[in-house]
J.: 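Sharing a structure below in structure tokens format, with a few things to ask.
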There are 2 protein chains.
Amino acid sequence: MPLVSEQAVTASDKTFFQLRKDIVEAVVLPGSKLSETELAQRYAVSRAIVREAINRLEACHLVERKANIGARVVALSPTRLVSLYQVRESLEGMAARLAATHMTDGEICDLNALLDSYLQTVQSGENYYQDAGDVDFHYRIILGSKNDHLIAMLIEGIYHLIRMYRVQLGMTGPRVSAAFDEHKSIVRAISNRDAELAEILMRRHILYTRNNLETKLLAQTA
Amino acid sequence: MPLVSEQAVTASDKTFFQLRKDIVEAVVLPGSKLSETELAQRYAVSRAIVREAINRLEACHLVERKANIGARVVALSPTRLVSLYQVRESLEGMAARLAATHMTDGEICDLNALLDSYLQTVQSGENYYQDAGDVDFHYRIILGSKNDHLIAMLIEGIYHLIRMYRVQLGMTGPRVSAAFDEHKSIVRAISNRDAELAEILMRRHILYTRNNLETKLLAQTA
DNA sequence: GCATTCAAAATTGTCGACAATTTGGGTTAT
DNA sequence: ATAACCCAAATTGTCGACAATTTTGAATGC
């Protein structure tokens with residue numbers, strides 16, 4: 001029971017979802033060229049379908065396309081990471097602010113329960129929290145903003161790119177439990193309906209995460 | 001010499017630009033259905049071209065598409081206006097913050113000159129300032145952020161929708177000179193390299209603008 | 001040996017036709 | 001009169017073929 005459900009009704013949808021998944025999970029590597037004919041064979045659909053899928057991937061900044069030349073999966077770089085996370089900080093900060101006033105008591109209660117349920121796995125040093133728990137936490141706050149534009153830009157937009165960086169760089173070590181504590185503080189602010197504080201804490205949280213990833217990316221490059 | 005130049009290389013580009021222009025300028029009315037065959041005739045291109053153009057318009061939230069049913073130009077409503085302007089406040093606030101540290105002295109100087117050049121037209125009560133001057137001002141700060149993601153999301157993304165609201169609702173009266181003063185304050189903060197203040201002032205400025213438009217939209221509906 | 005030129009191959013852009021789905025209207029039964 | 005059903009018309013989704021552009025690589029000249 002995923003929190004946000006996209007259902008593929010058309011063949012183009014299926015191909016788009018599959019290709020996006022393959023890019024985010026690095027089955028198709030960053031920087032690699034996306035040949036329309038090759039992908040058409042791989043996914044057993046016509047070129048028109050692949051073209052439409054690539055167009056949609058371009059819209060969410062997962063591929064870059066040049067006219068008459070072709071499309072490439074975006075490359076990962078420290079500069080791009082910073083750009084992306086500045087946008088994320090801005091938008092998710094606003095999401096937390098809005099969530100503090102728009103989430104129902106029930107939704108806040110569920111959010112607290114969610115964190116508690118992950119408490120043990122975090123304490124035991126499992127890095128399981130990262131993948132499932134972290135995106136679940138952020139998604140709930142984004143949806144809690146009740147702002148359709150914001151939700152679309154984050155969930156259908158930049159979040160796949162964010163997950164792409166995460167898959168490439170991993171997310172383990174002491175940062176996991178620190179992030180967990182920050183999540184707790186954010187939920188506390190939302191519980192108190194303190195919109196101002198919720199935004200500030202969310203922005204700080206994302207800035208810390210950015211610094212952590214940037215370090216890893218620089219180490220990986222060097 | 002436009003500040004941001006999009007050049008149409010392919011037929012799909014041309015049709016996309018033209019259709020976007022027609023939607024923003026209300027040649028094609030909000031809420032109206034976009035028939036693929038009809039548009040193909042109107043712009044003298046094949047249906048495939050129109051489909052691609054519509055897909056791109058969907059990506060920047062100017063049309064909404066349902067599978068097997070079709071695409072409609074988005075409707076304007078107070079709720080949607082608020083959603084849009086909350087996103088705008090968030091992103092342009094960040095843009096102002098980044099511009100305060102990343103704009104060159106020369107760019108800031110040009111920005112001051114731009115405002116001075118419009119001082120007379122504003123004082124004389126011309127509403128000319130709105131269309132050209134206002135977007136010019138905001139574009140310069142967005143570009144001054146030097147953040148590619150932010151620039152793309154604002155200029156290729158939500159700004160056309162923002163202009164659409166503006167065209168529909170007009171932008172005259174006392175708000176114009178007030179906005180001009182706010183612009184001056186923002187530039188002052190950027191000149192002082194005060195990122196924090198630049199962000200706060202930009203967010204306030206956009207909030208005021210939102211309130212002004214919301215009032216007009218509600219009055220128009222009633 | 002290296003840069004230039006040119007044609008062939010490969011890739012992307014565009015088109016018209018067919019398939020699948022939705023829409024509209026008329027008929028029928030209750 | 002209303003609701004359910006069904007068929008025809010219109011609209012969107014998909015496909016394969018052709019056109020335009022870029023890339024490749026071999027031949028040519030210096």
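We name chains A, B, ... by the order of the sequence lines, and we start the count at 1 in each one. Quantities reported herein were computed from a predicted structural model and do not represent experimental measurements.
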J.: With side chain to side chain contact (heavy atoms under 4.5 Å, CB included) as the criterion, how do B:F16 and B:V50 come out once you've worked through the C-alpha distance, each side chain's angles and the decisive distance to 0.1 Å?
T.: CA-CA 8 Å; B:F16 169 57; B:V50 172; over 6 Å; no
J.: What nitrogen or oxygen pairs link the protein and nucleotides 12-16 of chain D at under 3.5 Å?
T.:
from   : atom 1 : to    : atom 2 : distance (Å)
D:dT12 : OP1    : B:K33 : NZ     : 2.8
D:dT12 : OP2    : B:E36 : N      : 3.4
D:dT12 : O3'    : B:N68 : N      : 3.4
D:dG13 : OP1    : B:N68 : N      : 3.1
D:dG13 : OP2    : B:R51 : NH1    : 2.4
D:dG13 : OP2    : B:R51 : NH2    : 3.2
D:dG13 : O3'    : A:T10 : OG1    : 2.9
D:dG13 : N7     : B:R47 : NH2    : 2.8
D:dG13 : O6     : B:R47 : NH1    : 3.0
D:dT14 : OP1    : A:T10 : OG1    : 2.4
D:dT14 : OP1    : A:A11 : N      : 2.5
D:dT14 : OP2    : A:T10 : OG1    : 2.8
D:dC15 : OP2    : A:S46 : N      : 3.2
D:dC15 : OP2    : A:S46 : OG     : 2.9

J.: Check this for me, if you would: do B:E6 and B:R56 make a salt bridge, where the nitrogen-to-carboxylate-oxygen distance has to be below 4.0 angstrom?
T.: no
J.: Counting only heavy atoms not in A:E25, do more than 12 fall under 6.0 Å of its CD?
T.: yes
J.: Establish, for the pair A:R163 and A:Y165, whether the NZ or CZ atom is under 6.0 angstrom from the six-membered ring centre and no further than 45 degrees off its axis.
T.: no
J.: Look at the rings of A:F137 and A:H183 and say which category their plane angle falls in: under 30° parallel, 30 to 60° tilted, over 60° perpendicular.
T.: parallel
